[in-house]
Amino acid sequence: MTIVEKVNLTTGTGWGSGPCIGNTGSVPRLGIPNLCLQDGPNGVRFTDFVTHFPSGLAAGSTFNRGLIYLRGKALGREHKKKGVHIMLGPTIGPIGLKAAGGRNWEGFGADPYLQGIGGAVTVEGIQEEGVIATVRHLIGNEQEHFRQVGEWNVSDWLRLENSISSNIGDKEMHEVYLWPFADIVRAGAGSVMCSYNQVNNTYACENSYLLNYLLKEELGFQGFIMSDWGSQHTGVYSALAGLDMTMPGTIFNDWLGGKSYWGPQLTKAVYNQTLPQRRLDDMVIRILAPFFFCNNKGVPKENDNPNFSSWTYNSYGQQYPLQKYGSTVQQNWHKEARSKFSDQVALNIAREAVVLLKNKESNLPIARTNGIKKIFISGVAAGADPKGFNCKDQQCVNGVLTTGWGSATVNNPYIITPYEAISQKAKGQGMLVEFSTEAWKFDNVEELAANSDMSIVIVNANAGEGYIQVDNNYGDRNNFSLWHNGDELISRVSQRCRKTVVVVNSVGPVNMERWIEKESIVAVIFAAPLGQFVGQAIADVLFGDVNPSGKLPFTIARDDQHYVPLIDTLNGSRSPQDTFERGIHLDYRFFEKNQIEPRFEFGYGLSYTDFQFSDLRITEIKTPLKKLEQSNKYLPAIKLDENNVLDPKVALFPIGTIDPVPGFVYPYLHDRNLSSPNNNGGFDYPLGYKPDPVPRPPLAGGGAGGNPALWNLLYEIKASITNAGRYRGGFAVQMYIEFPKTPSSQPTKVLRGFDKVFLDPGEETQVKFNILQRDLSVWDVMQQGWIIQNGTYKVYISTTSRENKLYGLIQICC
């Protein structure tokens with residue numbers, strides 16, 4: 001390949017300069033097309049005839065890895081049918097450090113183990129369908145405020161000079177934030193997206209320690225790193241620091257200007273020898289290897305290319321509608337990507353994601369035989385938004401909640417609202433149904449509640465990506481209150497109706513203290529954004545067609561002060577610093593460490609039936625290694641021909657051959673007169689950059705996901721579970737490990753396994769968990785490696801992070 005061809009694959013063609021949200025250049029001579037990059041983690045964005053899948057948070061709430069894997073396959077299959085080459089998902093960062101974080105709903109939950117398993121099986125499912133998975137965001141993107149300079153012209157935000165810096169210590173970097181990325185690398189993820197924020201005061205997309213060392217060296221990542229849209233801030237610096245693809249190619253806040261840090265600038269850097277050609281070769285190999293790996297039959301056929309446009313829903317239109325340029329062409333073929341498989345997976349995820357938090361005196365499931373003859377359904381979230389089910393990036397929030405807002409959104413092909421689904425089931429039992437979406441004037445609401453046998457109040461709370469503000473929520477949530485006056489509505493209804501059921505449909509935890517303990521609140525369920533089947537899933541659980549089996553993927557606190565606060569003011573600083581002071585004590589670990597009783601803990605979720613646990617067995621498979629052994633040396637580097645740096649005239653823009661499109665980023669030079677770098681040390685290379693490859697991996701590295709020994713199976717844990725109740729049901733059994741106390745720290749209990757089983761009444765089965773070397777390891781900052789400490793490890797078979805049913809001991813000593 002020529003230098004121009006190589007550069008063409010590393011650089012996006014610009015915002016709107018192609019059918020997808022991101023598009024690379026092509027190499028027609030070799031049959032390599034413009035690569036289509038498209039959101040996202042919950043379905044194919046900006047097109048029609050696709051499924052709106054439940055959110056990542058809903059998938060995490062199922063605690064069902066097999067179902068999460070099927071969700072990945074369904075996502076990959078629909079992206080493939082739409083001609084997408086690179087899917088921008090799944091999301092495993094943010095990890096959920098801050099409960100008010102705007103994008104927490106995109107990930108699988110506030111635990112590194114849960115995020116890692118969810119991310120890994122999703123990657124496997126996506127890539128088995130022939131689409132490259134892009135795991136986002138690396139790393140520390142735990143809030144939306146201040147993620148980008150110039151994103152908002154709001155009060156003192158105008159003074160922002162640098163994106164917020166997530167300051168992460170070495171131990172928590174490895175044990176918490178980087179942990180799930182090891183899982184996705186192990187699963188073979190083709191791409192990772194670096195985030196907008198700084199990490200320890202260096203932008204993530206030009207942080208050589210983060211990209212080159214931690215991800216590529218320590219975790220052995222073989223794919224390519226792409227920038228988030230506009231998160232690149234330098235040219236040669238970012239290339240040397242490990243960035244392999246820039247998206248969308250143009251510069252933040254100048255999307256249609258055609259200016260790029262790469263494109264012709266990258267071509268120029270190779271010709272004037274500022275950037276070694278071997279680094280450019282490495283970028284292209286990293287891009288093409290997963291491309292051919294996922295397209296195992298070779299390059300895509302013509303019908304494998306995009307059959308939709310992200311910029312218009314019209315069948316025909318100008319080729320470049322944002323630039324208002326080009327002839328009229330077919331833009332959308334409206335091809336059907338949905339299937340019975342997708343529908344079933346999406347519906348099963350939605351059903352299994354519903355979490356039963358309270359069920360006083362078994363008032364659920366609802367049945368006329370229990371004296372329920374008249375139902376009153378209330379709440380804005382029960383019905384449709386007046387604007388409809390779809391609007392730009394799902395900013396229509398005055399109705400049922402299917403998603404948060406931002407780039408991870410999907411058009412709803414249809415929605416069965418909670419009101420419709422509940423009323424249909426109620427009418428099927430001969431019940432009367434009343435309905436109101438009034439949230440501020442309560443006269444009629446109170447009267448309807450007083451005259452009903454049961455009231456169902458459906459409320460929500462929303463959030464999303466930082467480029468959108470809704471009701472002054474700039475991505476992140478301003479508080480933990482319910483939207484649409486939901487808390488007051490619950491209070492008014494529950495004062496008049498002695499059997500009130502509350503359905504909380506939310507992107508994260510909400511404060512329930514105002515009403516949760518009221519006698520008249522007989523049941524509460526929680527549901528993360530459930531996609532298009534939100535109403536059906538909620539109704540199925542309320543009426544007992546589905547036995548609830550969801551578990552909370554985060555902790556709900558009694559006091560908002562127990563959550564990590566957002567940094568939402570500059571306080572005189574132009575470069576805000578966000579120091580992650582809780583270290584490794586994320587979510588439930590913090591509550592455990594400080595002996596704080598939450599309202600509902602991580603992993604909590606009730607069922608309509610009862611389960612019993614017995615017969616814990618621990619079998620040693622392999623003796624743990626106290627310290628890891630150094631991995632073998634790297635294989636010899638592949639040496640490619642670097643003598644093809646020809647006269648710059650071969651890379652000049654082919655005037656007369658190409659009619660340049662406004663705003664389109666081309667790889668060609670515009671001037672053959674290139675200045676050479678100052679060979680007297682004048683170029684300031686990134687801190688820590690080493691031009692020569694290292695001979696062997698670091699102690700923690702040496703394989704996909706880190707040192708191969710980290711993945712050794714050490715112990716096998718088995719236990720029996722019996723359905724001792726009256727209903728068939730599913731149960732997510734959780735395994736936690738408590739580490740031994742050391743002179744410098746108290747014990748830390750962490751999730752290290754989960755398994756979901758479905759049992760008929762009286763049925764018994766065995767659950768099995770594998771404990772790997774990494775599951776018992778801690779990061780030693782001094783040795784810069786994973787070690788296993790001497791001492792007693794407690795293994796808990798649990799129903800929640802606090803409620804342990806069985807426990808055993810693993811003794812590790814000298």
Side-chain angles (χ1 to χ4, degrees), residues 41-43 51-79 87 89-92 105-109 111 113-129 133 180 183-184 187 338-356 402-403 410 525-534 536-538 540-541 545-554 603 605 607 611 721 723 728-735 751 753-760 765 767-769 799:
N42 305 307
T51 303
H52 184 180
F53 290 90
S55 63
L57 194 65
S61 300
T62 70
F63 277 69
N64 186 337
R65 71 177 68 199
L67 191 51
I68 300 172
Y69 161 77
L70 292 177
R71 176 177 175 270
K73 284 189 74 68
L75 283 165
R77 191 170 297 178
E78 292 204 1
H79 279 80
M87 173 185 147
T91 299
I92 60 174
W105 61 276
E106 295 184 34
F108 298 97
D111 178 81
Y113 184 89
L114 179 59
Q115 289 270 27
I117 297 298
V121 298
T122 302
V123 163
E124 291 170 1
I126 292 167
Q127 297 195 162
E128 285 174 3
E129 295 299 318
D183 286 294
I184 61 96
R338 297 170 300 170
S339 64
K340 290 182 179 179
F341 171 67
S342 289
D343 277 354
Q344 196 60 57
V345 169
L347 180 57
N348 286 345
I349 288 273
R351 286 168 166 167
E352 289 193 31
V354 176
V355 183
L356 180 62
T402 60
T403 179
V410 187
I525 70 172
F526 176 89
L530 299 180
Q532 68 191 51
F533 290 115
V534 53
Q536 184 174 344
I538 290 171
D540 285 346
V541 169
D545 299 295
V546 171
N547 193 342
S549 62
K551 297 286 188 176
L552 282 180
F554 49 72
S607 171
F611 295 90
I721 178 172
N723 184 345
R728 173 176 172 77
F731 196 87
V733 188
Q734 300 154 53
M735 181 186 71
L751 181 69
F754 58 88
D755 188 21
K756 197 165 195 177
V757 295
F758 291 85
L759 301 173
D760 289 321
T765 192
V767 290
K768 184 178 74 172
F769 304 99
T799 59

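FYI, side chains are in, hydrogens and waters are out, and symmetry mates aren't considered; it's all heavy atoms of this structure. Keep in mind it's a predicted model, so treat the numbers as computed, not measured.
Looking at K756 and S549, their side chains do bring a donor and an acceptor atom within 3.5 Å of each other. A donor atom on one side chain and an acceptor atom on the other are not found under 3.5 Å apart for D111 and Q115. Defined by atom type and a distance below 3.5 Å, a donor-acceptor pair is missing between the side-chain atoms of E352 and T62. Of the N and O atoms on the side chains of S55 and N42, not one donor lies less than 3.5 Å from an acceptor on the other residue. Judged purely by distance below 3.5 Å, without hydrogens or angles, the side chains of Q734 and Y113 never pair a donor atom with an acceptor atom. Checking S342 against E78 by side-chain atom types alone, a donor-acceptor pair falls below 3.5 Å.
Under the 4.5 Å side-chain criterion, counting only non-hydrogen atoms from C-beta, E129 is not in contact with H79. The shortest side-chain heavy-atom distance between L530 and I538 falls under the 4.5 Å cut-off. For the pair F533 and D343, the minimum side-chain heavy-atom distance is below 4.5 Å. In this structure the side chain of F731 reaches within 4.5 angstrom of the side chain of I721, judged on heavy atoms. When side chains are defined from C-beta on, L114 counts as touching F63, because their heavy atoms get closer than 4.5 Å. I126 is listed as a side-chain neighbour of P90, based on a closest heavy-atom distance under 4.5 Å. Between L356 and F526 there is no side-chain heavy-atom pair separated by less than 4.5 Å. In this structure, P529 and T402 have side chains that are not in contact, with every pair of non-hydrogen atoms separated by 4.5 Å or more.
Nearest heavy atom pair, residue F108 against residue I68, reads CE2-CG2, 4.0 Å. For N547 against S607, the heavy-atom pair with the smallest separation is OD1-OG, 3.1 Å. Among all heavy-atom pairs drawn from A187 and A120, the shortest one is CB-O, 3.7 Å. Considering every non-hydrogen atom in both V354 and I525, the closest pair reads CG1-CD1, 3.8 Å.
In summary, of the residues considered (I92, T91, V410, T122), a side chain to side chain contact (heavy atoms under 4.5 Å, CB included) with P41 occurs for T91 alone.
Taking the ring axis of F758 as reference, the NZ or CZ atom of R728 does not stay both within 45° of it and closer than 6.0 Å to the ring centre. Cation-pi geometry between R65 and F754 is satisfied (NZ or CZ under 6.0 Å from the ring centre, within 45° of the ring normal).
E128 places no side-chain N or O within 3.5 Å of a backbone atom of K73 that could act as its donor or acceptor partner. When atom types are taken as modelled, the side chain of K551 and the backbone of S61 share no donor-acceptor pair closer than 3.5 angstrom. Judged purely by atom type and a 3.5 angstrom limit, R71 uses its side chain to pair as donor or acceptor with the backbone of P54.
Going from atom CG of L67 over to atom CD of Q344 covers 10.0 Å, rounded to the nearest 0.5 Å.
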*Working for side-chain contact (heavy atoms from CB on, under 4.5 Å), residues L57 and E106*: CA-CA 6 Å; L57 194 65; E106 295 184 34; over 6 Å; no
*asked:* I'd like to know whether V733 forms a side-chain contact (heavy atoms from CB on, under 4.5 Å) with F611, so could you lay out the CA-CA distance, the side-chain angles of the two residues, the decisive distance to 0.1 Å, and finally the verdict.
replied: CA-CA 10 Å; V733 188; F611 295 90; over 6 Å; no
